[in-house]
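Heads up: the structure comes next, in structure tokens.
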Amino acid sequence: MSSGVVNGGVSYWYAADGFPQVRRPLDGDVSADVVIVGGGYTGLWTAYYLKKAAPFLRIVVLEQKFCGYGASGRNGGWLYNGIAGRDRYAKLHGREAAVRLQRAMNDTVDEVIRVAEAEGVDADLHKGGVLEVARTPAQLARLKAFHEAELAFGEKDRELYDAVETARRIRVADAVGSTWTPHGARVHPVKLVKGLAAAVEALGVVIHESTPVTEIRPKHAVTPYGTVRAPYVLRCTEGFTASLKGQKRTWLPMNSSMVVTEPLTDEQWAAIGWDGRETLGDMAHAYMYAQRTADGRIALGGRGVPYRFGSRTDNDGRTQAETVEALREILTGFFPALAGLRIEHAWSGVLGVPRDWCATVTLDRSTGLGWAGGYVGSGVATANLAGRTLRDLVQQDSGQAGRTELTELPWVGHKVRRWEPEPLRWLGVHGMYATYRTADRRETLTHSAGSSRLARWADRVAGRH
Ligand SMILES: Cc1cc2nc3c(=O)[nH]c(=O)nc-3n(C[C@H](O)[C@H](O)[C@H](O)COP(=O)(O)OP(=O)(O)OC[C@H]3O[C@@H](n4cnc5c(N)ncnc54)[C@H](O)[C@@H]3O)c2cc1C
């Protein structure tokens, strides 16, 4: 039963931290050097680094609602080193290039923490690493393969734990093993996005909120209240991209949903451990992700209804009652001692999925149009790397700088085909997630050590491998 649960209202993070005063909308035509569409992490980090590098630049951010309205104000707060598409980039550009990308991601976790400190942004950051657990033999086989792969991409400081060692960190029921990396931190998503917006504004970037961009074309960002003209127009709209003119099939808007519990008592924390505040995930095909919040709760997420027909996106974050129940089941499956713990708030958000599941950052030098995203649910840190990379690409194009390490990373300028038209998109995504759920159930019931053939098939059909 999900009665009594606050549902939607953007996210628990906003409910807890308070909604911001909305900044004034655009009021007439203006010109700028750079216009950024979207006030999430990607847009704000890009504005931050560009303005820091070149204080004379006139930069305008246009946000349809308020900064952090999208996934940046709703996520699970895993600031970690995962980047969507790394393995594919290794195939396309060679292992050495993918290792450079991975190293850049490892550094990005520290870079976010560094800037938050430097700018006085208190975002409940705690660098406890990421713990991913296996709860079935098939998950354990995947976990070991994943662990080995990460080592091969240069993560020498990653550790593999057996059941006893896992329980020393977090006592997850039925956990048979886990892998832990130090390259991850827990963060309060909204405190980060609010602090970042304030820092950007303090540098002299102009942010207009309640200003939806209806069309992006070279040198123009068009809104109902006026047009911003600028040599560079950067699209930072991730899961909302499909709603822009001409972008319907660019990135598929995928939903992810979360719940947060009431605060746990000291006895409850003592029963489950989790003193290290690691972010916690699993190796199921329809995976979960969780954090121990600074205010003593568990925030836990997973897939809800993954995709809405016709790439429709958001209401204000409501999620389905079945999803709340599914997440509650995961919570009590992980921590039977917490059965009866109240779920206080549930919400959902959208993330952007490219056809080949590879994150990318691009500046088209012939048009001045740029974009970054397609992070497939790993965007909290990646958006920072994207922001620094867009800075370098703009500076390179305008002759203020040359090539940099970042502009040479293999995700820069990556091209991918568009998604299929409906109803194929809807059928494909729903089929894939139904298959993942079946595969997870089968792996739990049969206790077989092999990864389900069904799930491998779904991966291939989805273009993930
Ligand atoms: C429930 C959930 C949990 C997640 N958990 C994690 C996690 O734990 N770790 C992790 O790494 N990643 C996670 N992600 C993904 C991560 O949050 C995103 O990848 C990241 O926040 C993307 O940032 P962004 O700025 O690119 O996009 P968004 O934060 O979505 O920002 C885009 C902004 O653009 C605005 N916008 C859209 N269209 C227009 C328009 N036409 N005109 C003007 N403005 C517009 C939107 O209002 C929005 O504010 C999660 C995502 C969700 C939904």
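When a ligand or atom number is given, it counts from 1 through the structure's own listing order. Sequential numbering from 1 along the given sequence is applied to the chain's residues. Scope of the values below: all heavy atoms of this structure, side chains included, with no hydrogens, waters or symmetry mates.
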Decide whether a cation-pi geometry holds between R186 and W274; the criteria are a distance under 6.0 Å from NZ or CZ to the six-membered ring centre and an angle within 45° of the ring axis. no
Please work out whether the ring planes of H345 and W347 are parallel, tilted or perpendicular, with thresholds of 30° and 60°. perpendicular
Which of the ligand 1 atoms, numbered from 1, are nearer than 4.0 Å to a heavy atom of G77: 8 (O)
Which residue supplies the protein heavy atom nearest to atom 23 (O) of ligand 1, what is that atom called, and how far is it? S72 OG, 3.2 Å
C236: heavy atom below 4.0 Å from ligand 1, yes or no? yes
Which atoms form the tightest heavy-atom contact between A185 and L125, and what is the distance? CB-CD2, 4.3 Å
Aromatic rings F240 and Y69: how do their planes relate, parallel, tilted or perpendicular, breaks at 30° and 60°? tilted
Could you tell me whether some N/O pair between K65 and ligand 1 is separated by less than 3.5 angstrom? no
Parallel, tilted or perpendicular, judged at 30° and 60°: which one describes the rings of Y375 and W411? tilted
What protein heavy atom is closest to atom 50 (C) of ligand 1, reported as residue, atom name and distance in Å? N75 CB, 3.4 Å
Ligand 1-proximal atoms of W347, by part, heavy-atom distance under 4.0 Å: neither
Is there a side chain to side chain donor-acceptor pair (under 3.5 Å) between S256 and Y289 once you walk through the steps? CA-CA 10 Å; S256 198; Y289 50 89; 2.7 Å; yes
Output the list of atoms in ligand 1 that are nearer than 4.0 Å to some heavy atom of P212, sorted by atom number. 42 (N)
I want to know if ligand 1 touches Y80 in the polar sense, i.e. an N/O pair below 3.5 angstrom. no
Has ligand 1 got any nitrogen or oxygen that is less than 3.5 angstrom from a nitrogen or oxygen of V37? no
Please examine the side chains of D316 and Y14, heavy atoms only from C-beta on, and report whether any two atoms are closer than 4.5 Å. no
For the side chain of K127 and the backbone of I113, is there at least one donor-acceptor N/O pair under 3.5 Å apart? no
Proximal atoms of ligand 1 relative to V213 (non-hydrogen, under 4.0 Å): 40 (C), 41 (N), 42 (N), 43 (C)
Where's the contact between T241 and ligand 1, heavy-atom distance under 4.0 Å: side chain, backbone, both or neither? neither
Only heavy atoms count here, so choose which of N384, T237, V380 is nearest to atom 39 (C) of ligand 1. T237
Report yes or no: does R355 contribute a side-chain atom to a donor-acceptor pair with the main-chain N or O of R418 at less than 3.5 Å? no
Any donor-acceptor pair under 3.5 Å linking the side chain of E155 with the backbone of D157? no
Answer yes or no on whether R135 is positioned over the face of F334, meaning its NZ or CZ is under 6.0 Å from the six-membered ring centre and within 45° of the axis. yes
Checking the N or O distance criterion of under 3.5 Å, is ligand 1 in contact with Q64? yes
Ligand-side contact atoms (ligand 1) for residue partner E238, heavy atom cut-off under 4.0 Å: 19 (O), 26 (O), 27 (O)
Per-atom contacts of ligand 1 with Y69, taking only distances under 4.0 Å to non-hydrogen atoms: 47 (O), 49 (O)
So, does Y49 use its side chain to make a donor-acceptor pair with the main chain of R388 at under 3.5 Å? no
Assess whether salt bridge (charged side-chain N to carboxylate O under 4.0 Å, His left out) is satisfied between E117 and R114, documenting all intermediate values. CA-CA 5 Å; E117 265 168 28; R114 183 192 70 75; over 6 Å; no
Side chain proximity check, V193 to L44, heavy atoms < 4.5 angstrom: yes
If we ignore hydrogens and angles and just use 3.5 Å, is the side chain of T389 paired with the main-chain N or O of T407 as donor and acceptor? no
For ligand 1, the portion of Y375 having any non-hydrogen atom under 4.0 Å away: side chain
Give the atom numbers and elements of ligand 1 that come within less than 4.0 Å of a heavy atom of L244. 41 (N)
Decide yes or no on salt bridge (charged side-chain N to carboxylate O under 4.0 Å, His left out) for E63 and R23, but give the supporting numbers first. CA-CA 10 Å; E63 163 56 48; R23 295 170 173 90; over 6 Å; no
Report yes if S256 has an N/O atom closer than 3.5 Å to an N/O atom of ligand 1; otherwise report no. no
Does the residue G377 have a heavy-atom contact with ligand 1, meaning some pair of atoms that are separated by less than 4.0 Å? yes
Mind checking whether A381 has an N or O less than 3.5 Å away from an N or O of ligand 1? no
For atom 24 (P) of ligand 1, what's the nearest protein heavy atom and its distance? T42 OG1, 3.4 Å
Atom 8 (O) of ligand 1: which protein heavy atom is closest, and how many Å away? W78 N, 3.0 Å
Which ligand 1 atoms, with their elements, are less than 4.0 angstrom from a heavy-atom of L62? 43 (C), 44 (N)
Any atoms of ligand 1 less than 4.0 Å from a non-hydrogen atom of T211? List them with their elements. 43 (C)
If you take the nearest heavy atom of each of G374, A71, S348, which one is closest to atom 18 (C) of ligand 1? A71
To which protein heavy atom is atom 34 (O) of ligand 1 closest, and what is the distance rounded to 0.1 Å? G38 CA, 3.2 Å
Nearest non-hydrogen protein atom, atom 19 (O) of ligand 1: G379 CA, 3.1 Å
When you compare ligand 1 with Y41, is there at least one nitrogen or oxygen pair between them that comes in under 3.5 angstrom? yes
Non-hydrogen atom of G373 closer than 4.0 Å to ligand 1: no
shortest atom 31 (O) of ligand 1-to-protein heavy-atom contact is with G40 CA, 3.6 Å
In the protein, which heavy atom is nearest to atom 49 (O) of ligand 1, and how far is it? E63 OE1, 2.7 Å
Please tell me whether H208 and Y225 form a close aromatic pair, meaning their ring centres lie under 6.0 Å apart. no
Select one of side chain, backbone, both or neither to describe which atoms of T279 lie under 4.0 Å from any atom of ligand 1, heavy atoms only. neither
Decide whether a cation-pi geometry holds between R86 and F153; the criteria are a distance under 6.0 Å from NZ or CZ to the six-membered ring centre and an angle within 45° of the ring axis. yes
When you check the side-chain N and O atoms of E119 and Y48, is any donor under 3.5 Å from an acceptor? yes
Heteroatom distance test (G76, ligand 1): nitrogen or oxygen, under 3.5 angstrom: yes
